[in-house]
Every structure is written in C-alpha cells, then in structure tokens.
Amino acid sequence: MGVDTDAALAALARLPLSIHCWQGDDVGGFERAGATLDGGGGLAVTGNYPGRARTPDELRADLDRALSLIPGPHRVNLHAMYGEFGGKAVDRDAISPEHFAGWIAWAKAKKYGLDFNATCFSHPEAADGFTLANADPKIRAFWVEHVRRCRTIGAAMGRELGSACVHNLWIPDGSKDHPADRFQRRAWLKESLDAIYADRQDAKLLVDAIEGKLFGIGSEAFVVGSHEFYLAYALQHGLLPTLDLGHYHPTESVADKISAVLQFSPKVLLHLSRGVRWDSDHVVVLNDEIRAVMEEVVRARALDRVVLALDYFDASLNRVGAWVTGARAVQQGLLLALLEPGARIRECEAAGDMFGRLALLETAKTMPFGAVWDRHCELQGVPAGQDWIAAIRTYEREILSRRG
Ligand code: RNT
Ligand code: ZN
C-alpha cells in the first residue's frame with residue numbers, strides 16, 4: 001500500500017508521552033497522610049480497588065513498573081500536591097523546588113522528563129468553588145502565588161533535566177447554577193492570569209499551557225475558564241492551549257480542532273482522556289476518537305507540534321494496569337495513523353477519485369497492524385502481544401496486594 005513501516009516506527013519511537021502521576025493514587029497527593037480527593041474541584045474519582053500508592057516511594061515504584069511496559073520515550077506529569085513535605089504542613093503558597101528534589105533525582109536517574117501542574121483544588125481556599133476567579137482578592141492572590149511558584153518549580157525541573165517542563169494550568173472555578181455575573185468572574189480570571197504570566201520564563205526550561213472545560217460536577221451551569229476564554233488568552237499571550245478529550249460536548253470532535261488551532265498556535269497540548277456521559281476521565285482505550293485525533297496530528301504533519309499527555313483516573317481497577325492500558329492505546333492510535341497510506345489517499349483526492357480514497361481507508365483497516373505494533377514493542381524492549389498483562393498481575397501479587 002505504499003506504507004513505510006520502518007519510518008512509522010521511527011516516528012513513533014521519537015514521540016514522548018507524558019504519563020500522569022495521579023492515576024496511581026486517585027488524585028490524592030502527599031500533603032496530608034491518606035488524603036483522597038473528597039469532592040475537590042468536581043473531579044470525581046470512584047472505586048476502591050486495593051493497592052493505591054500511599055507514599056512518594058510507592059508511587060515512583062508503580063510508575064517505574066508501568067513505564068517498563070510502555071514504549072518510550074517517557075515523561076512523568078506531576079501535580080503540586082505530590083511534593084515531598086517531610087511530614088510538615090507546607091501550604092500551596094509556600095512550595096518550592098526543594099519539595100520536588102526527590103522526584104527530580106529519580107527522573108534524572110531514570111532518564112524521564114518531568115512535566116508539572118499547579119493544584120488549584122482539594123484545598124480549603126477552594127471551598128466555595130473559586131480560586132483564581134474568587135470574589136475575594138486575598139484568595140485570588142493566594143492562588144496566583146501558588147501558580148507562580150509552580151512555574152518556578154517547573155523551570156527548575158526543566159533546568160535539572162535538560163528538557164523543557166510543560167506546566168499546565170487547570171482550575172475548577174465555576175458554579176452549579178447560573179451566576180449573576182459571568183463577565184466579572186472572567187475579568188478576575190484574566191487579571192489573575194496576567195499576574196501569573198507576567199514573569200517570563202526561558203522557553204528552554206518551561207512551556208506554559210492553559211486548559212479549558214465545558215462543565216464539571218458542581219459546575220454544570222458555568223465554568224469561568226471555558227474553551228473560548230483560554231483559547232483567546234493562549235493565542236494572545238503565546239501560551240499553549242490544552243485540549244482535553246473529555247472537556248467538550250459529547251458529539252464535538254477534538255480531532256477537528258487540531259488543524260484549526262494549529263493555524264494560529266505553534267503547538268497544542270492534548271489531554272488524552274475518555275469522556276463517558278458526564279465523566280471526562282475514563283481510562284483511554286483505542287476508540288474512534290483517539291484514532292481520529294492521531295490521524296489529524298499525522299495528516300497535519302504536526303507530530304512535533306503536539307504535546308501528548310494522559311489525563312484520567314479510575315480507582316476501580318488495578319491502577320498500574322490502567323496506566324499501561326491507556327498509554328499503549330494512545331501509542332497504538334498514533335501508530336495506526338502513521339501506517340495510513342497517506343500518499344495514495346491524497347493522490348486519489350487530488351484526482352477527484354473519492355471512491356479510491358474511501359476504499360483505501362477501508363482496506364487499511366484490515367492490514368496487519370498488530371504485527372507492526374509487536375515489532376515496535378520488541379524494538380523498544382517492552383512486552384509485546386499480551387505479555388504485559390501477566391507482568392501487571394505479577395506486580396499486583398507481589399507488591400500491590402500487600403498494601404492492605
Ligand atoms: C480536570 C482537568 C485536569 C485534571 C488534572 C488532575 O478536568 O482535566 O487536567 O484532570 O489536572
Ligand atoms: Zn485535563
């Protein structure tokens with residue numbers, strides 16, 4: 001079919017995937033012992049499957065196991081609440097790079113890149129549902145300080161690891177019912193963002209991204225940081241827009257947005273997730289949406305213009321298994337797109353041969369994709385076929401099931 005499988009594998013092997021730490025402990029973090037996400041910011045984590053990581057060392061061990069089953073190169077995506085505070089209460093407006101020294105040393109030793117996120121939820125100052133767009137200027141200032149510090153921490157990670165850290169900002173701000181004044185809230189958010197991004201960081205160390213959302217649990221009627229708000233802000237200020245696959249109307253295609261946004265933004269950050277009804281964070285599987293997103297990235301020749309990051313959390317099954325399932329699904333979607341007989345499809349289209357275009361796309365669906373994927377796993381030194389499942393079961397038996 002005119003497909004160069006070696007070239008496809010080489011392209012796949014170059015593209016890092018940022019693995020979110022928060023699947024490993026149900027978005028709990030290490031600020032308080034045994035913390036779990038209790039209604040924080042409309043992020044609903046359901047399930048109580050045993051084996052949740054309770055300490056930084058457990059989380060790093062679980063990540064190591066997961067990453068050994070995922071073809072590289074690897075990045076790990078941290079949230080501010082995963083700092084190591086040595087039993088001390090360090091509030092969000094007081095964190096600094098020293099609290100992430102353990103993560104940085106680990107990433108350095110393992111040759112992982114690190115990405116970072118401010119944590120503007122699961123906190124008393126977020127109790128009324130608003131952070132950077134809070135009506136109280138003191139609370140806004142608290143969160144501005146938090147995010148500013150997070151950008152400094154991200155830049156420190158970028159410097160230490162020699163690879164720019166992507167700092168993504170998502171806030172929960174919104175309301176269950178219709179607010180009296182949407183405009184004022186968005187003006188406050190804009191003012192807060194202006195204060196946060198006023199200090200420029202070296203792009204070699206830190207890349208800033210901002211993430212919008214349509215609605216959340218408890219913010220059904222209004223979300224301050226909507227898609228339009230952040231897209232406009234990102235374009236005006238040279239930040240990356242973050243598109244989360246679970247943050248749009250269910251029939252709205254994120255795939256179709258990529259070629260539009262990339263006309264105006266040099267890069268886009270994709271939060272790879274799976275929306276199911278009202279939940280935006282199911283484990284990624286190789287579904288039509290993932291395939292369509294990856295096809296659009298490849299067809300736009302934009303492999304070096306997208307940042308790929310996982311974002312989901314499921315506490316109802318083996319969490320290491322959840323990581324690996326989603327990560328491999330993303331890479332498989334990407335490989336399928338790279339194996340598309342693109343040149344011939346374009347030829348057909350240019351010649352007005354719409355039947356030929358459709359027939360080639362259909363025929364490509366039954367090509368032996370699995371063999372190429374297995375070869376990729378083999379070349380990358382990770383288990384091919386179904387062998388990764390047994391590896392996860394062994395880890396569960398020996399490690400996870402002993403956590404009580
Ligand atoms: C929430 C956003 C955000 C979070 C993480 C934990 O709707 O998608 O990216 O999932 O920051
Ligand atoms: Zn997200």
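In listed order, ligands and their atoms are each counted from 1.
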field: Aromatic ring pairing F30/W103, orientation class (parallel under 30°, perpendicular over 60°, tilted between)
entry: parallel
task: Pull out every atom of ligand 1 sitting under 4.0 Å from any heavy atom of H79, numbered as shown with elements.
output: 5 (C), 6 (C), 11 (O)
message: N117 versus ligand 1: do any nitrogen or oxygen atoms come within less than 3.5 Å of each other?
response: no
- request: Could you please compute the angle at the Zn ion (ligand 2) from OD2 of D244 to OD2 of D311, rounded to 10°?
  value: 90°
field: Min N/O separation H247 to ligand 1 under 3.5 Å
entry: yes
- request: For ligand 1, note which part of T242 has a heavy atom under 4.0 Å away: side chain, backbone, both or neither.
  value: neither
message: Using the ring centroid of each side chain, check whether F313 and H282 are separated by less than 6.0 Å.
response: no
field: the Zn ion (ligand 2) contact by H247, N, O or S atom under 2.8 Å
entry: no
statement: For H271, the N, O or S atom at the shortest distance from the Zn ion (ligand 2) is ND1
Any Y312 heavy atom less than 4.0 Å from ligand 1: no
task: Mark yes or no: R185 above the aromatic ring of F130, with NZ or CZ under 6.0 Å from the six-membered ring centre and no more than 45 degrees from the axis.
output: yes
message: Given the ring of Y248, does K257 sit roughly above its face, with NZ or CZ under 6.0 Å from the centre of the six-membered ring and within 45° of the axis?
response: yes
task: Might you point out which heavy atoms bring A234 and I210 nearest each other, and give the distance in Å?
output: N-CD1, 3.8 Å
- request: Check whether any N or O atom of D244, backbone or side chain, sits under 3.5 Å from an N or O atom of ligand 1, and answer yes or no.
  value: yes
task: Please confirm whether Y82 and F100 have ring centers closer than 6.0 angstrom.
output: no
query: Out of I70, V382, T325, which residue meets the side-chain contact (heavy atoms from CB on, under 4.5 Å) rule with W388?
result: T325
- prompt: What's the atom name of the N, O or S in E211 nearest to the Zn ion (ligand 2)?
  reply: OE2
query: Can any side-chain N or O of H20 pair as donor or acceptor with the backbone N or O of Y312 at less than 3.5 Å?
result: yes
message: So if I count the atoms of ligand 1 from 1 in the order they appear, which ones are less than 4.0 Å from some heavy atom of K213?
response: 1 (C), 7 (O)
